Amino acid sequence: MSTSESQEPTLSSEGSETKSKKASKKEAAKLEKQRRREVAAATSATSTLSVEDDPLAVNYGIVPLIELQSKTPANVNDWTRVEALNDSLENKQVLIRGRAQAIRPVGKKMAFLVIRENGFTVQCLVQAQPDLVSPQMVKFAAALSRESIVDVEGVVSIPAAPIKGATQQIEIQVRKLYCVSKAIPTLPINIEDAARSEVEIEKAIQAGEQLVRVNQDTRLNFRVLDLRTPANQGIFRIQSQVGNVFRQFLLAESFVEIHTPKLIAGSSEGGAAVFRLDYKGQPACLAQSPQLHKQMSICGDFGRVFEIGPVFRAEDSFTHRHLCEFTGLDVEMEIKKHYFEVMDVVDKLFVAMFDTLNTKCKKDLEAVANQYPFEPLKYLPNTLRLTYEEGIQMLKEVGVEIEPFGDLNTEAERKLGQLVLEKYGTEFYILHRYPLAVRPFYTMPCYDNPNYSNSFDVFIRGEEIISGAQRIHVPEFLEERAQACGIEVKTISAYIDSFRYGVPPHGGFGVGLERVVMLFCGLNNIRKTSLYPRDPLRIAP
Ligand code: ATP
């Protein structure tokens, strides 16, 4: 029980004098004097209401630092979550902690506060009343800066009319109010502005009104404020659920979670797009995928492995879908006969993931859609599989030509996504049997035509989220393919040698976490789904 009538919540600032036996009376008096001085400063220099003379001054103020240095142990159950505030608590005393999202003084005797915690908000009324709430306390409340962290203690009441500006349909009649952490009075971005949708801005423009539009760079410069918007709270809770389903699903399917090194000697896959660094005098780089080590773990007899970890790409890709650091969701597994076994895992894993997001993240998806409107993803219970050749044929029929054994460019991928949606009613599908020439050197060629490979890409709304394949597990063949692709074999000898000690046929795939969230939510930029994005122009905050 977070709230009870008999057990009155205690606030550390109030308890300092009585609870700390060691604190001398002198020290306590000094602290109280300092606290009152700070309260007086926080209200107004011109105030005629003196905090020093207020017999109720103990009920409000700025919590002194010493109290926040873990001086007094507290029972966290004394605090009620804002989300849990409902009419069953009528007339009960509650203590909450949250941000002062809105502060609205009404004359000198009343101030409304809206307190936000984890996206839930509650209206609180600070009203001057003899022996309970002093006018000085109302003034203190009115002078709080927005986004400050406050502790509010008060009695729950049920308002006669519905409350429009808060999620919880109760009101707290404030008895005590303490500021735990003060936000600066003028924030670089207002949360209200950052939370506004384009639709609202456009509507306002048409009505001759001017509303602030916060651009992407400003948002990212002040990301901690930007992250407080309902849409961003939703995005990163959805992201957390994607990682969670990925992990839980694979663990249940007997996969082992591994952690491969991110510091790699030479260059990880022989590519140029790596971040080079000096490793104690040796040339090294940041891993551009866990590819080689996850395969080596199959050689090490783990059978089925997965990893969730950072992936570094140095190429100068100034697009809406490329980052220089992203979170890779990687899988590698033994296969008995066919690379379709890997595609079966993709199919079941992602259908389970989408089902979970749709059932468990309803509120988060709604929050995202309120600011960035999108249609729910259309997907089938059994994921559609098309061969590359079938895809090319569909494009050909509408006049889009792809060069023989060439890759699909972004535009062709989008177009194919549209055609697949029209024909099969899904925005999630697998395209497999790609030309060998457009895949990495370790991809297994098809048994019946070496121009094609046992590989696949997976698409959401016409954009790639996954690449996968059966790998070449025969060392001599792997050497041959590496050479053919212009890779210096000796730089990857440890990888190739791993296959000389016997290894089962295997395959796997790599997913970009930020891309999955971006495309599931129909967002237009991967920077929106990366907590602190790194791109060719940004490495901070
Ligand atoms: P693309 O063709 O989109 O550049 P890729 O073929 O280089 O991707 P892989 O190297 O096969 O992709 O990586 C597997 C997955 O990792 C991709 O499907 C994508 O989801 C994600 N990914 C790849 N590169 C990036 C990047 N620069 N930023 C964010 N995610 C990426």
Side-chain angles (χ1 to χ4, degrees), residues 239 242-243 246 260 264 267-275 285-295 306-332 339 342-343 346 349-350 353 388 402 406-414 416-417 428-432 434-443 453-471 485 507-521 523-539:
Q239 190 189 81
V242 170
F246 184 80
T260 62
I264 307 287
S267 60
S268 59
E269 283 174 42
V274 293
F275 287 104
C285 68
L286 292 175
Q288 57 178 324
S289 91
Q291 184 62 38
L292 309 188
H293 288 95
K294 69 177 179 174
Q295 281 190 257
F306 74 94
E307 177 167 10
I308 302 178
V311 173
F312 303 93
R313 301 278 167 100
E315 69 253 77
D316 279 332
S317 296
F318 297 91
T319 74
H320 73 284
R321 66 196 174 107
H322 289 98
L323 293 167
C324 289
E325 179 179 346
F326 65 93
T327 304
L329 308 175
D330 270 87
V331 166
E332 202 67 27
Y339 71 100
V342 183
M343 282 162 46
V346 170
L349 165 59
F350 277 83
M353 184 185 290
Y388 173 87
I402 306 296
D407 211 351
L408 300 180
N409 60 24
T410 310
E411 215 178 303
E413 284 176 352
R414 281 238 173 95
L416 187 55
F428 176 68
Y429 75 100
I430 302 175
L431 194 65
H432 67 104
Y434 268 72
L436 185 67
V438 300
R439 308 301 289 201
F441 74 93
Y442 47 76
T443 310
S453 62
N454 295 343
S455 64
F456 59 89
D457 274 3
V458 183
F459 298 87
I460 295 184
R461 302 188 205 262
E463 293 194 50
E464 180 199 318
I465 56 149
I466 301 175
S467 270
Q470 179 181 358
R471 327 294 187 186
C485 292
F509 58 92
V511 190
L513 172 66
E514 295 82 357
R515 280 221 197 149
V516 173
V517 179
M518 168 179 89
L519 294 164
F520 186 79
C521 296
L523 295 166
N524 62 0
N525 198 315
I526 198 163
R527 288 157 189 80
K528 289 195 170 85
T529 57
S530 171
L531 202 59
Y532 303 104
R534 264 74 183 113
D535 65 24
L537 298 175
R538 178 178 288 280
I539 192 177

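In this text, all values refer to a predicted model and were calculated from it rather than measured experimentally. Start at 1 and go down the list; that is how both ligands and their atoms are numbered.
Residue pairs that meet the salt bridge (Lys or Arg N to Asp or Glu O under 4.0 Å) test with at least one member in residues 509-521, sequence neighbours left out, do not exist here.
More than 12 heavy atoms of other residues, nucleotides or ligands sit less than 6.0 Å from atom CG of Leu531.
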Expected rows: ligand 1 N/O, protein N/O, dist below 3.5 Å:
{"residue": "ligand 1", "atom": "2 (O)", "partner": "Glu464", "partner atom": "OE1", "Å": "3.4"}
{"residue": "ligand 1", "atom": "3 (O)", "partner": "Arg321", "partner atom": "NH1", "Å": "2.8"}
{"residue": "ligand 1", "atom": "3 (O)", "partner": "Arg515", "partner atom": "NH1", "Å": "2.9"}
{"residue": "ligand 1", "atom": "3 (O)", "partner": "Arg515", "partner atom": "NH2", "Å": "2.9"}
{"residue": "ligand 1", "atom": "4 (O)", "partner": "His322", "partner atom": "NE2", "Å": "2.7"}
{"residue": "ligand 1", "atom": "7 (O)", "partner": "Arg313", "partner atom": "NH1", "Å": "3.4"}
{"residue": "ligand 1", "atom": "10 (O)", "partner": "Arg313", "partner atom": "NH1", "Å": "2.9"}
{"residue": "ligand 1", "atom": "10 (O)", "partner": "Arg313", "partner atom": "NH2", "Å": "3.0"}
{"residue": "ligand 1", "atom": "11 (O)", "partner": "Ser467", "partner atom": "OG", "Å": "3.1"}
{"residue": "ligand 1", "atom": "12 (O)", "partner": "Glu464", "partner atom": "OE2", "Å": "3.4"}
{"residue": "ligand 1", "atom": "18 (O)", "partner": "Glu464", "partner atom": "OE2", "Å": "2.6"}
{"residue": "ligand 1", "atom": "18 (O)", "partner": "Ile465", "partner atom": "O", "Å": "3.2"}
{"residue": "ligand 1", "atom": "18 (O)", "partner": "Ile466", "partner atom": "N", "Å": "3.3"}
{"residue": "ligand 1", "atom": "20 (O)", "partner": "Ile465", "partner atom": "O", "Å": "2.8"}
{"residue": "ligand 1", "atom": "20 (O)", "partner": "Gly512", "partner atom": "N", "Å": "3.1"}
{"residue": "ligand 1", "atom": "24 (N)", "partner": "Arg313", "partner atom": "NH1", "Å": "3.3"}
{"residue": "ligand 1", "atom": "27 (N)", "partner": "Leu323", "partner atom": "N", "Å": "3.4"}
{"residue": "ligand 1", "atom": "27 (N)", "partner": "Leu323", "partner atom": "O", "Å": "3.0"}
{"residue": "ligand 1", "atom": "28 (N)", "partner": "Leu323", "partner atom": "N", "Å": "2.8"}

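At least one donor-acceptor pair closer than 3.5 Å links the side chain of Thr443 to the backbone N or O of Pro440.
Inspection of the His293 and Glu332 side chains reveals no N or O donor paired with an N or O acceptor under 3.5 Å.
Every residue two or more places apart in sequence or in another chain was checked for a ring-ring contact (aromatic ring centres under 6.0 Å, His included) with Phe456, and none qualifies. For Glu315, the salt bridge (Lys or Arg N to Asp or Glu O under 4.0 Å) criterion is met by no residue, not counting sequence neighbours.
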